[in-house]
Amino acid sequence: MASASLLKSAPVLGKPEWLKGQALPQPSASVVRCNPVASSALTVRATSSYADELVKTAKTVASPGRGILAMDESNATCGKRLASIGLENTEANRQAYRTLLVTVPGLGQYISGAILFEETLYQSTTDGRKIVDVLVEQNIVPGIKVDKGLVPLAGSNNESWCQGLDGLASRSAAYYQQGARFAKWRTVISIPNGPSELAVKEAAWGLARYAAVSQDNGLVPIVEPEILLDGDHGIDRTFEVAKKVWAEVFFYLSQNNVLFEGILLKPSMVTPGAEAKDRATPEQVADYTLRLLRQRIPPAVPGIMFLSGGQSEVEATLNLNAMNQAPNPWHISFSYARALQNTCLKKWGGRPENVEEAQEALLVRVKANSLAQLGKYTGEGESEESKQGMFVKGYVY
């Protein structure tokens, strides 16, 4: 486990601006959403009483040179990670690994938000400090995974839908009280399986309902319809599917009166399928992805935090860097899990004496992606291990 000296080395900062004055949010009467219900009348609905706070939180997460550490693996998926280094899937081992991640000295310079699993939100570090408090001390906004996972979608082409809307309002309110300030809901679209009209509409509607409920309870929703890398299709096919998916997503977000200034997006980059013969350069990925964003994403959205989806650590960073070679109307950054943690996990190996080396490996990756967010990453000095792809066909977590 991490040593006490290492656990106490994280800098202690004053109360972050995004957290000040948030205990008793006041309604904002000036912000409204209008939804036409008849040609002769309008129904006006005030946004969540958390509107000002939502905007502040979203802007904090979408701050220059910083991105999101996605450490929201379910206990089962975390077990797979631990098994890869020969560790048993116990709460103690999960706690040790999560302690290692959140106590990296200076992490908040490069990471603005951390997505947690429910266990982690209520968990303490190995030396007894609340993980939420450790993150806040580093000026990192705590977030929470709120979906309940994928299940088969009846009537579809062997596709899935994301469950978790039942009880979401009460759970979100409890997560807010525990210190979470943003939420994450992941659903997926499979190109080899269609995608069917049913699956696209189900994904978009579920994301929109989740987003509305989250905002009503003070959580900035991360909207994540992941277009899976599975398949041998070319980049043009990915582009066409992504356009359709995002058109549906924003249609239903609007229908549900979601405040665009108070959301974050977590899209897939536009790439060929993982099994395609023709690979795309970072410049091609950037060109297609930015074209998609310009055609589908309103400038009011403050941050677009890309997922890595099985790309190698270096590939994900190079693609992000290419997208930031010119100004964009959105903050374009990262929300990576494996593409930040892979080398770190291997360096640790479950051995207390390796904690410092593992933390340094994580720091290398977050620094690289911080530079990529600023368009200043060069790729020099990267290890061969960090260039290894992490795509898993039919990946489930």
Practice item. Check whether more than 12 heavy atoms from other residues, nucleotides or ligands sit under 6.0 Å from atom NZ of K243, and answer yes or no. Key: yes
Review point. Among all residues two or more places apart in sequence or in another chain, which pass the salt bridge (Lys or Arg N to Asp or Glu O under 4.0 Å) test with K148?
Key: none
Practice item. Report the residues that fulfil salt bridge (Lys or Arg N to Asp or Glu O under 4.0 Å) with E360, sequence neighbours left out, ordered by chain and then residue number. Key: none
**Study point:** Residues E137 and R129 bridged, charged N to O under 4.0 Å
**Key:** yes
Any salt bridge (charged side-chain N to carboxylate O under 4.0 Å, His left out) pairs touching [range], not counting sequence neighbours?
range	result
residues 103-114	none
residues 278-290	D287-R291
residues 295-310	none

Review point. Going by atom types only, do Q109 and S370 share a side-chain donor-acceptor pair under 3.5 Å?
Key: no
Exercise for review: Indicate whether any N or O donor in one side chain lies under 3.5 Å from an N or O acceptor in the other, for R181 and T57.
Suggested key: no
Which ring pair (Phe, Tyr, Trp, His ring centres under 6.0 Å) pairs, counting each pair once, include a residue from [range], with sequence neighbours left out?
range	value
residues 206-225	W185-Y210
residues 285-331	F239-Y288
residues 108-129	none

Check your understanding: With A286, which residues qualify under side chain to side chain contact (heavy atoms under 4.5 Å, CB included), at least two apart?
Key -> A322, M323
Review point. Are any of the side-chain heavy atoms of F182 and S214 separated by less than 4.5 Å?
Key: no
Review point. With a 4.5 Å heavy-atom cut-off, do T317 and Q311 have their side chains touching?
Key: no
Practice item. Please go through W205's hydrophobic cluster and name the other residues, only I, L, V, M, F, W, Y counting, with side-chain heavy atoms under 4.5 Å joining them. Key: F251, Y252
Review point. So which pairs with a foot in residues 188-204 pass side-chain hydrogen bond (donor to acceptor under 3.5 Å, both in side chains), sequence neighbours left out?
Key: E159-S196, E197-K244, K201-E248
Point to revise | Residues forming a side chain to side chain donor-acceptor pair (under 3.5 Å) with S63, sequence neighbours excluded | key: R66
